[in-house]
Amino acid sequence: MKTRYLTVAGLAILSLFILSGCERSVSNTTSTKLASKQEVTLVSNKEVTSLDPSNVIDATSSQLIQNVYEGLYQLNSKNQPVPTGATSLPKITDHGRTYDITLRKSAKWSNGDPVTAQDYIYAWRRGVTAKIAASNLYQYNAVKNAAKIINKKANSSTLGVKALGKYKLRIQLERPTAYFTKQLTTICFKPLDEKYVKQAGSQFAANSSHTIYNGPFKLTKFSGTGTANSWTLVKNNQYWDKKTVKLQKINYQLVKTTGTGVDLFESGKVDQTPIDGQYVKNYQGKKGFNSKPSSTVNYLGYNFKTKTLKNAKLREALSLIINRKSLTSRVLQDGSTQATDIIAKGIFSNPKTRTDFATDADNLTKTDTKKASQLWQQAQKEINKNSLTVKLITFDSGTQRTTAQYIQGQVQKYLPGIKLSLVIQPVSSFIKNAMRGEFGIYLVNWGADYPDPSSLLSLFTSDSGNNWGHYKDSKYDNAVKQANGVDSTNADKRWQDLQQAQKIILKDNGVTPLFFSRLTYLQNPKLKGVQVNTEEGGFNYTKAYLTAK
């Protein structure tokens with residue numbers, strides 16, 4: 001759902017309305033002329049759920065955070081970390097357990113305060129102890145003593161991070177973690193201005209007036225989650241690399257209907273808009289059409305605290321009635337591809353053989369309606385029920401709604417006696433209800449936070465805050481633990497651990513993968529320099545600009 005890509009709410013694609021003007025040159029491209037008025041309006045198709053980096057799991061909020069906050073590193077177009085708040089990549093010693101990082105002395109907060117090592121220490125200590133950050137806690141586990149602190153067996157002061165000076169940070173890990181530098185690009189590892197946050201108290205991140213920023217933009221005119229239908233980013237003149245930032249203002253407007261965005265694009269009022277379903281089919285091959293792969297997997301999760309869905313035969317029957325090829329090619333028609341497993345192609349490859357993780361996994365999901373019917377009959381005897389109503393919750397999105405309705409139809413057709421009750425909610429309500437376990441089944445899309453299978457497979461360990469259905473299997477937990485622990489520096493063993501973990505959860509139908517999303521949108525060729533990354537929040541506008549022609 002985030003890029004994280006939660007991805008939970010999925011990757012929010014934005015539409016942009018160009019306010020044109022006269023011309024001036026792009027500083028790094030002598031042949032390109034910029035519109036004099038560098039102001040755009042973006043249409044977000046989902047609401048912002050939080051401004052607190054410790055608490056963000058949905059893609060829309062992640063994308064916003066990535067444009068107003070800056071951490072140590074950022075992923076480039078090849079999913080490799082490059083320095084931003086740091087001056088260089090970490091100096092790694094102690095056999096991979098110690099990371100020394102030099103901070104950029106010119107980095108400042110929007111109020112002029114310097115960004116120091118203490119700001120990172122404060123933010124991470126706050127993150128591992130904050131109740132609101134439950135869904136992100138697993139992200140810190142590689143850091144020394146993080147797990148103990150999270151489990152209230154140690155004080156936050158023992159977290160393996162300390163300052164070696166005002167602009168020098170040392171991070172100590174529990175064990176060598178090959179992907180840790182990439183993990184440092186994620187939302188929850190952003191810094192926070194300790195002095196400001198403490199002064200703001202409980203009001204911190206309640207709205208744009210009680211938030212501080214160290215990224216290329218500042219947020220204004222945001223009234224708060226659940227109330228804001230519009231908000232604005234303005235260029236942060238305290239940003240250390242402000243010369244790179246061309247856009248002066250980005251106005252956001254919340255518009256949830258795909259057709260409305262397309263109409264605005266066609267009328268010339270919108271220069272980028274998300275498209276799905278039939279719109280993708282209609283615009284393929286036309287000027288302005290864009291389609292990019294993403295790490296986002298759409299899946300069903302089950303409430304293992306209910307007697308009915310704890311039944312393995314019932315879960316298997318629900319998975320077997322889904323024809324993923326038909327769902328993607330005939331129903332969604334938006335470029336999505338059927339999910340043969342949890343990890344999409346192109347996310348991770350074997351460091352030695354270069355074999356893609358998904359290719360090596362083969363097809364771990366099947367369609368067999370006849371077997372599903374037999375399993376449902378057997379399940380009825382085991383749960384002592386011939387009929388039942390199951391509540392399926394998801395968030396308000398055209399793709400999610402269409403997918404939920406498709407599954408409802410398949411259940412009605414092949415599993416008579418089961419009534420699927422659909423509850424479609426705003427993103428913020430969906431997340432709250434999912435975390436509370438107020439569902440029988442939940443439908444969600446989730447993107448990898450960093451380019452490694454553990455980013456998604458760690459969601460379903462028994463101690464994960466994102467394991468909303470409370471799936472629990474000791475063999476699965478152990479396989480993920482081994483991959484992230486004792487086998488973290490052994491490429492062959494780690495590969496086997498991760499593949500084994502995926503096989504365990506899918507054989508058990510702990511979750512049911514449905515399809516992998518693509519980023520599909522229409523964009524005016526005048527909009528240049530928008531960085532698209534499928535891992536860390538989608539669209540970054542640091543280097544974006546408007547051309548005059």
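In what follows, residues are counted from 1 in the order of the sequence shown.
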Notebook entry, point to check: What do you reckon, are the aromatic ring centroids of Phe430 and Phe439 less than 6.0 Å apart?
Noted result: no

Item checked: Ion pair check, Asp341 and Lys503, cut-off under 4.0 Å -> no

Notebook entry, point to check: Say you draw a straight line from CG of Leu318 to CG of Leu375; how long is it, rounded to the nearest 0.5 Å?
Noted result: 10.0 Å

Check: Do you know the tightest heavy-atom contact between Ser319 and Thr512?
Finding: OG-CG2, 3.6 Å

Margin query: Over 60° means perpendicular and under 30° means parallel, so tell me whether Phe460 and Tyr476 are parallel, tilted or perpendicular.
Written below: tilted

Notebook entry, point to check: In a check of side-chain hydrogen bond (donor to acceptor under 3.5 Å, both in side chains) between Asn311 and each of Gln380, Glu316, Glu382, Gln378, which one passes?
Noted result: Glu382

Check: Is atom CG of Asn151 surrounded by more than 12 heavy atoms (other residues, nucleotides or ligands) closer than 6.0 Å?
Finding: yes

Notebook entry, point to check: Would you call Asp396 and Arg401 a salt bridge, taking side-chain N to carboxylate O under 4.0 Å as the test?
Noted result: yes

Checklist line | Passing option when Gln482 is tested against Asn484, Val480, Asn478 for side chain to side chain contact (heavy atoms under 4.5 Å, CB included) | finding: Asn478

Next item on the list: Check step by step if side-chain contact (heavy atoms from CB on, under 4.5 Å) holds for Leu443 and Gln400.
Entry: CA-CA 7 Å; Leu443 167 63; Gln400 300 305 103; 3.5 Å; yes

Item checked: Closest non-hydrogen atom pair, Phe304 against Gly510 -> CE1-O, 3.6 Å

Check: Below 6.0 angstrom between ring centroids: does that apply to Trp124 and Tyr140?
Finding: no

Next item on the list: Mind listing the closest non-hydrogen atom pair of Leu309 and Asn303 along with its distance?
Entry: CB-O, 3.6 Å

Next item on the list: Could you tell me which non-hydrogen atom of Phe348 sits nearest to which non-hydrogen atom of Arg494, and how far apart they are?
Entry: CZ-NH1, 4.0 Å

Margin query: Less than 4.0 angstrom from a charged side-chain N to a carboxylate O is my criterion; do Arg175 and Asp487 meet it?
Written below: no

Notebook entry, point to check: Can Phe357 and Gln499 be said to form a side-chain contact (heavy atoms from CB on, under 4.5 Å), step by step?
Noted result: CA-CA 8 Å; Phe357 191 86; Gln499 290 285 0; 3.4 Å; yes

Margin query: Taking Glu438 first and then Lys432, would you say they form a salt bridge - that is, a charged N and a carboxylate O separated by under 4.0 Å?
Written below: no

Next item on the list: Working to the nearest 0.5 Å, report the span between OG of Ser50 and CD1 of Ile57.
Entry: 9.5 Å

Check: Between Tyr521 and Phe539, is the gap from one ring center to the other below 6.0 Å?
Finding: yes

Next item on the list: Please name the pair of heavy atoms, one in Tyr414 and one in Ile321, separated by the smallest distance, quoted to 0.1 Å.
Entry: CB-CG2, 3.8 Å

Next item on the list: Work out which heavy atom in Lys325 is nearest to a heavy atom in Ser329; give both atom names and the distance.
Entry: O-OG, 2.7 Å

Margin query: So that I can tick it off, tell me whether Arg518 and Asp334 are bridged by a salt bridge, with the cut-off set at under 4.0 angstrom between side-chain N and carboxylate O.
Written below: no

Note to self: Is it the case that the side chain of Thr365 and the backbone of Ala339 share a donor-acceptor pair, with hydrogens and angles ignored and the cut-off at 3.5 Å?
What the structure shows: yes

Margin query: Does Lys256, at its NZ atom, have more than 12 non-hydrogen atoms belonging to other residues, nucleotides or ligands within less than 6.0 Å?
Written below: yes

Checklist line | Distance, nearest 0.5 Å, that separates CD of Gln139 from SG of Cys188 | finding: 4.5 Å

Checklist line | Ring-ring centroid check Tyr302 Tyr471, cutoff 6.0 Å | finding: no

Margin query: Main chain of Leu264, side chain of Ser267: is a donor-acceptor contact present, judged purely on distance under 3.5 Å?
Written below: yes

Check: With a distance cut-off below 6.0 Å to the six-membered ring centre and an angular limit of 45° from the axis, does Lys286 pair with Tyr283 as a cation-pi contact?
Finding: yes

Margin query: So that I know where these two stand, are Trp446 and Tyr299 an aromatic pair - ring centroids less than 6.0 Å apart?
Written below: no

